[in-house]
Amino acid sequence: MALDLHRAALERLPDLRTATTPKRVRARHRGRTVLDTTRALLVWEPRRVTPQYAVPAAELTLGLVPTAPTPLPPDLPPVLPPGRFCWHTTPGRAFAAADGPADVEVAFRPDDPDLDGRMLLDFGRFDWIEENQPVVSHPHDPFARIDVLASERHIRVELGGRLLAESGRPVALFETGLPVRYYLPREDLRMDLLHPSPTRTTCAYKGVAGYVSADLPGGDDIAWTYEDPLDDAARVRQLWAFWSERVELYVDGTRYDAAMLPDL
């Protein structure tokens, strides 16, 4: 029987998963380099869709002290996105920085013997470099990728019956495990109905996104652009994509349904 790799990946979400990485990984904390290793592992705690670095304790020069673990919420979702480092779904011990607040967790040592005592580090509390390239949002997943393709699909975007964008020259961005996003030239948007938003988000593969909202009900943060994208997303520079979950987006005349993940 054929194996559906997408479904197989989802079925392994409840497991603790690891992968080796040949990259040199460095981390800075409060302006000081506290890690320089070629022996990091990528670790996905159960329910996590993005990896974290697990590093040898002997190569970490940041002083650590035990701290109380954070209780998991009773309504913990089946899929955990990036963030909420302190929500641990595998047994282990939490640590704070010796030179910081005693109740702020920055590291976690899973009990699993296959990790050989390595420490998971809270990505957001460090500045990271892989080889000589800064890394943002979370470590890169070796099993995820981006394809950016010019397209001739006809894209129409509406909200509450008002036309917001229409284009026959989109750029389609295919990202592992996520819906297809159609990026449109600014000239094909009704910019007179849109205004800048203060919202910013960060993607490990695309960079920092800025948003716009529409002066219509339900129009908050409905489209985004990457003014200065990372290398993987260079072809969508200064193009605009709409949340198909927040607008009515039609592809070749058919309403697009962008479910993030199937039910688990």
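Given the structure is predicted, the values throughout are model-derived calculations rather than measurements.
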Side-chain heavy atoms under 4.5 angstrom apart, residues restricted to Ile, Leu, Val, Met, Phe, Trp, Tyr: same cluster for I146 and V236?
yes
Going by atom types only, do E105 and H88 share a side-chain donor-acceptor pair under 3.5 Å?
yes
Given salt bridge (charged side-chain N to carboxylate O under 4.0 Å, His left out), test R156 with E166 step by step and report yes or no.
CA-CA 4 Å; R156 182 179 177 89; E166 189 165 16; 3.1 Å; yes
Where is the tightest heavy-atom contact between F95 and P66, given as atom of each residue plus distance?
CD2-N, 3.7 Å
Taking all atoms of both residues into account, what is the closest heavy-atom pair of R48 and R84, and its distance?
NH2-O, 2.6 Å
Roughly how far apart are I155 CD1 and R169 CZ, rounded to 0.5 Å?
13.0 Å
If we only count heavy atoms from C-beta on, is the H29 to L62 side-chain gap below 4.5 Å?
yes
Before you tell me yes or no, could you show the steps for L189 and F242 under side chain to side chain contact (heavy atoms under 4.5 Å, CB included), namely the whole-Å CA-CA distance, both residues' side-chain angles and the distance that decides it to 0.1 Å?
CA-CA 10 Å; L189 275 63; F242 284 83; 3.9 Å; yes
For the atom pair CD (Q52) and CG (L41), what is the distance rounded to the nearest 0.5 Å?
12.5 Å
Within the supplied structure, the quantity of interest is the number of heavy atoms (other residues, nucleotides, ligands) at a distance under 6.0 Å from R93 CZ; does it exceed 12?
no
Within a 6.0 Å radius of atom CZ on R186, are there more than 12 heavy atoms belonging to other residues, nucleotides or ligands?
no
Do the non-hydrogen side-chain atoms of T254 and Y256 ever get within less than 4.5 Å of each other?
no
Do the non-hydrogen side-chain atoms of L239 and L184 ever get within less than 4.5 Å of each other?
no
Exercise: do R181 and S244 side chains pair donor with acceptor under 3.5 Å
yes
Determine whether V104 and W87 fall in the same hydrophobic cluster, where Ile, Leu, Val, Met, Phe, Trp and Tyr are linked whenever their side-chain heavy atoms lie under 4.5 Å apart.
no
Check whether S151 reaches the backbone of P170 with its side chain - one donor and one acceptor, N or O, closer than 3.5 Å.
no
Please test D215 against H195 for side chain to side chain contact (heavy atoms under 4.5 Å, CB included), starting from the C-alpha separation and ending with a verdict.
CA-CA 8 Å; D215 295 317; H195 59 84; 2.8 Å; yes
Is there a side chain to side chain contact (heavy atoms under 4.5 Å, CB included) between S137 and C203? Walk through the geometry before answering.
CA-CA 6 Å; S137 189; C203 171; 5.6 Å; no
Measuring from atom CG of D257 to atom CD of E245, what distance do you get when rounded to the nearest 0.5 angstrom?
8.5 Å
Within the supplied structure, the quantity of interest is the number of heavy atoms (other residues, nucleotides, ligands) at a distance under 6.0 Å from E152 CD; does it exceed 12?
no
Between D103 and T67, which heavy-atom pair has the shortest distance, and what is it?
CA-OG1, 3.7 Å
Can you check whether T18 reaches D114 side chain to side chain, under 4.5 Å on heavy atoms?
no
Do L173 and V180 have side chains that get closer than 4.5 Å, going by heavy atoms?
no
For R24 and T38, test the side chains for any donor-to-acceptor distance below 3.5 angstrom and give the result as yes or no.
no
Within the structure provided, determine whether W224 and W243 are in side-chain contact (heavy-atom separation under 4.5 Å).
yes
Heavy-atom side-chain contact between V43 and L120 under 4.5 Å
yes
Testing the 3.5 Å rule here: is there a donor-acceptor pair between the side chains of Y182 and W240?
no
Just wondering, are more than 12 heavy atoms of other shown residues or ligands nearer than 6.0 Å to CZ in R12?
no
Please work out which of the three classes, parallel, tilted or perpendicular, describes the rings of H138 and Y205, given edges at 30° and 60°.
perpendicular
Inspect the surroundings of CZ in R47 and state if more than 12 heavy atoms from other residues, nucleotides or ligands are less than 6.0 Å away.
yes
Rounded to the nearest 0.5 Å, what separation is found between the CG atom of D141 and the OG1 atom of T50?
8.0 Å
Nearest-0.5 Å distance, OG1 of residue T61 to CG of residue L64:
9.5 Å
For residues P196 and V212, report the shortest heavy-atom separation together with the two atoms involved.
CA-CG1, 4.1 Å
Shortest non-hydrogen contact from I222 to A214?
CD1-CB, 3.7 Å
State which residue, out of T225, D221, D220, T201, fulfils the side chain to side chain donor-acceptor pair (under 3.5 Å) condition with Y211.
T201
D252 CG: over 12 foreign heavy atoms closer than 6.0 Å
yes
Between T37 and E59, do the side chains contain an N or O donor and an N or O acceptor separated by less than 3.5 Å?
yes
Inspect the surroundings of NE2 in H6 and state if more than 12 heavy atoms from other residues, nucleotides or ligands are less than 6.0 Å away.
no
Step-by-step side chain to side chain contact (heavy atoms under 4.5 Å, CB included) determination, L121 to V106:
CA-CA 6 Å; L121 300 181; V106 302; 5.9 Å; no
Is the count of non-hydrogen atoms from other residues, nucleotides or ligands lying under 6.0 Å from R246 atom CZ greater than 12?
yes
Side chain to side chain donor-acceptor pair (under 3.5 Å) assessment of E130 paired with Y53:
CA-CA 11 Å; E130 289 183 348; Y53 293 117; 2.5 Å; yes
To the nearest 0.5 Å, how far apart are CG in L216 and CG in L164?
6.5 Å
Any side-chain heavy-atom pair of D99 and R30 under 4.5 Å
yes
Considering non-hydrogen atoms only, spot the tightest contact between P69 and A94 and give its length.
CA-CB, 4.3 Å
Is there a salt bridge (charged side-chain N to carboxylate O under 4.0 Å, His left out) between R190 and D192? Walk through the geometry before answering.
CA-CA 5 Å; R190 286 286 308 275; D192 57 310; 2.7 Å; yes
W128 and F123 aromatic ring geometry - parallel, tilted or perpendicular at 30°/60° bounds:
parallel
